[in-house]
Amino acid sequence: MTETPAKPAAKKTAKKTATKTTTATKTTTATKKAPAKKTAAATPAAAKKTAAKKAPAKKAAPARKPESRVAMVRRARRINRELAELYPYAHPELDFGNPFELLVATVLSAQTTDLRVNQTTPRLFAVCPTPEDMAAIPPEQLEELIRPTGFFRAKAKSLIGLSTVLRDRFGGEVPGRLEDLVTLPGVGRKTANVVLGNAFGVPGITVDTHFGRLARRFGWTTAQDAEKVEADVAEIFPKSEWTMLSHRVVFHGRRVCHSRKPACGACPIAPLCPSYGEGETDPEKAKKLLKYELGGQPGQRLKPPSDYPGQPALPLAAS
């Protein structure tokens with residue numbers, strides 16, 4: 001039987017079908033091989049990158065211009081003038097009637113408040129009014145009298161020691177020279193300057209924890225050592241200002257510029273302070289942080305000066 005030749009149209013149709021099939025196969029294979037493109041939001045990291053690209057860059061805060069020595073001294077002296085207006089009644093916050101009482105009270109004030117010392121010394125001075133009396137008292141009795149101030153054993157040892165030296169070397173009188181005072185047991189430069197400035201009228205800078213903290217916040221020094229702070233501040237202020245400057249700065253540190261949370265928003269010298277913002281800046285919240293007479297509370301002295309605007313502190317038994 002003779003084979004009938006295929007028609008041309010049928011051949012063309014077969015070729016087209018074969019081409020389509022081959023193309024489809026290639027497309028499927030290519031699709032499988034090509035990795036799928038991830039969208040920008042496919043992962044959190046990608047989303048962040050995209051957002052970062054779109055967000056406008058923040059402008060860096062302008063750097064604070066370095067302060068010259070002359071500018072710092074001017075600012076420091078203006079702070080002192082402002083503090084003098086704020087605390088015209090600034091004074092030593094230890095009750096005392098003579099140099100010996102001030103010396104003893106200052107030694108007792110270590111690691112405690114002036115208030116607690118003032119509540120303790122009336123009984124103490126009733127028993128030991130002179131160095132001779134304190135040198136002769138049994139240590140156990142003295143420890144019991146000063147127990148409320150803390151560290152009473154070490155303090156009793158210092159008080160008996162300094163009283164003995166005052167009796168034997170200085171005729172029972174507190175010396176009025178720094179070099180003599182610092183030879184007494186338990187007496188350093190801080191205690192000596194307190195006594196000299198407030199009992200003898202000899203100018204001195206008293207660097208306690210409050211004074212050192214504020215001197216650094218005000219930019220007067222970067223030192224941590226008390227003697228270095230004293231030396232740095234002494235170069236800024238005239239000698240005649242040293243004693244009252246100490247009182248004003250300590251007053252401000254206890255009432256406004258606290259260690260943990262300064263009341264920046266209620267501070268009258270905030271525009272002069274390079275550390276503004278370390279504490280509470282909201283005025284109403286800051287007012288609640290004020291202490292002693294500025295906060296409507298009693299002061300630290302049982303017998304404050306007549307010009308003190310606040311209330312006297314209460315005795316130990318009543319507090």
Side-chain angles (χ1 to χ4, degrees), residues 91-167 174 181-199 204 206-213 226 246-247 250-251 253-255 258-260 291-293 297-305 308 310-319:
H91 58 270
E93 295 191 271
L94 290 169
D95 287 326
F96 69 98
N98 55 58
F100 176 64
E101 289 185 358
L102 178 57
L103 176 61
V104 170
T106 307
V107 170
L108 290 176
S109 68
Q111 305 298 317
T112 190
T113 64
D114 287 356
L115 171 59
R116 184 48 56 96
V117 174
N118 293 334
Q119 292 171 327
T120 303
T121 50
R123 278 184 63 207
L124 174 64
F125 294 141
V127 177
C128 304
T130 67
E132 291 81 2
D133 296 319
M134 195 165 287
I137 192 173
E140 297 80 9
Q141 185 181 354
L142 182 58
E143 289 172 7
E144 194 57 35
L145 286 169
I146 65 173
R147 180 183 289 270
T149 66
F151 301 95
F152 53 90
R153 290 190 180 88
K155 291 178 181 179
K157 184 178 179 181
S158 293
L159 292 181
I160 291 175
L162 70 85
S163 296
T164 302
V165 174
L166 290 177
R167 181 194 65 191
V174 176
L181 283 169
V182 295
T183 66
L184 301 175
V187 178
R189 287 186 67 90
K190 184 196 86 168
T191 299
N193 279 328
V194 170
V195 175
L196 289 173
N198 298 286
T206 304
V207 183
D208 65 357
T209 55
H210 301 289
F211 191 97
R213 180 178 72 252
S246 299
H247 291 324
V250 171
F251 256 55
R254 286 174 172 167
R255 287 152 177 76
H258 312 132
S259 176
R260 292 186 180 179
K291 293 183 179 180
Y292 302 112
E293 73 282 356
Q297 303 154 5
Q300 298 201 80
R301 293 188 68 167
L302 277 65
K303 299 176 181 179
Y308 180 66
Q311 310 165 42
L314 297 172
L316 187 60
S319 61

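Heads up: numbering here begins at 1 and tracks the sequence.
At least one donor-acceptor pair closer than 3.5 Å links the side chain of Thr113 to the backbone N or O of Arg116. Remark: the backbone N or O of Gly97 is paired with a side-chain donor or acceptor of Glu101 at under 3.5 angstrom. Panel note: side chain Ser163, backbone Ile160; no donor-acceptor pair is recorded below 3.5 Å. Side chain of Asp95 to main chain of Leu302: a donor-acceptor pair is present (N/O by atom type, distance under 3.5 Å, no hydrogens or angles). Judged purely by atom type and a 3.5 angstrom limit, Arg147 has no side-chain atom pairing as donor or acceptor with the backbone of Phe152.
Aromatic pair Phe251/His91: centroids less than 6.0 angstrom apart.
Here His210 contributes atom NE2 and Arg254 contributes atom CZ; the two are 4.5 Å apart, rounded to the nearest 0.5 Å. In this structure, CZ on Phe96 lies 8.5 Å from OG1 on Thr106, to the nearest 0.5 angstrom. Rounded to the nearest 0.5 angstrom, Asn118 CG and Ser109 OG are separated by 9.5 Å. With rounding to the nearest 0.5 angstrom, the CZ atom of Phe151 is 5.0 Å from the CD atom of Gln111. In this structure, the separation between CG on Asp133 and CZ on Phe125 is 11.5 Å, given to the nearest 0.5 Å. To the nearest 0.5 angstrom, Leu181 atom CG is 9.0 Å from Asn193 atom CG.
Listed here is the closest heavy atom pair of Thr206 and Ser246: N-OG, 3.0 Å. Minimum interatomic distance between Lys155 and Val107 (heavy atoms only, all atoms of both residues): CE-O, 4.2 Å. Taking every heavy atom of both residues into account, Asp208 and Phe211 meet most closely at OD1-N, 2.8 Å. Minimum interatomic distance between Pro298 and Pro312 (heavy atoms only, all atoms of both residues): CB-O, 3.6 Å. For the residue pair Pro148 and Leu145, the shortest heavy atom distance occurs at CD-O, 3.9 Å. Scanning all heavy atoms of the two residues, the minimum distance from Ile146 to Thr120 falls at CA-CG2, 3.9 Å.
Ionic pairing of Arg301 and Asp114 is not present here: no N-O contact between side-chain nitrogen and carboxylate oxygen is shorter than 4.0 angstrom. Ion pair Arg255/Glu93 flagged as a salt bridge, since at least one NZ, NE, NH1 or NH2 atom sits closer than 4.0 Å to an Asp/Glu carboxylate oxygen.
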Tell me, with the steps shown, if Leu103 and Leu166 meet side-chain contact (heavy atoms from CB on, under 4.5 Å).
-> CA-CA 11 Å; Leu103 176 61; Leu166 290 177; 4.1 Å; yes
Could you go through the side-chain contact (heavy atoms from CB on, under 4.5 Å) check for Leu108 and Thr112 one step at a time?
-> CA-CA 8 Å; Leu108 290 176; Thr112 190; 5.9 Å; no
Before giving the answer on side-chain contact (heavy atoms from CB on, under 4.5 Å), spell out for Gln297 and Lys291 the whole-Å C-alpha distance, their side-chain angles and the decisive distance to 0.1 Å.
-> CA-CA 7 Å; Gln297 303 154 5; Lys291 293 183 179 180; 4.1 Å; yes
Name each donor-acceptor pair under 3.5 Å that joins a side chain in residues 182-192 to protein atoms two or more places apart or in another chain, with its distance.
residue	atom	partner	partner atom	Å
Thr183	OG1	Asp180	O	2.5
Arg189	NE	Glu230	OE1	3.1
Arg189	NH2	Glu230	OE2	2.7

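Pro92 has its side chain within reach of His247: a pair of non-hydrogen atoms, C-beta onward, lies under 4.5 Å apart. Counting only heavy atoms from C-beta outward, the side chains of Thr164 and Arg167 approach each other to under 4.5 Å. Annotation: side chain of Gln141 is in contact with side chain of Val127 (closest heavy-atom distance under 4.5 Å). By the 4.5 Å heavy-atom criterion applied to side chains, Leu124 and Leu142 are counted as neighbours.
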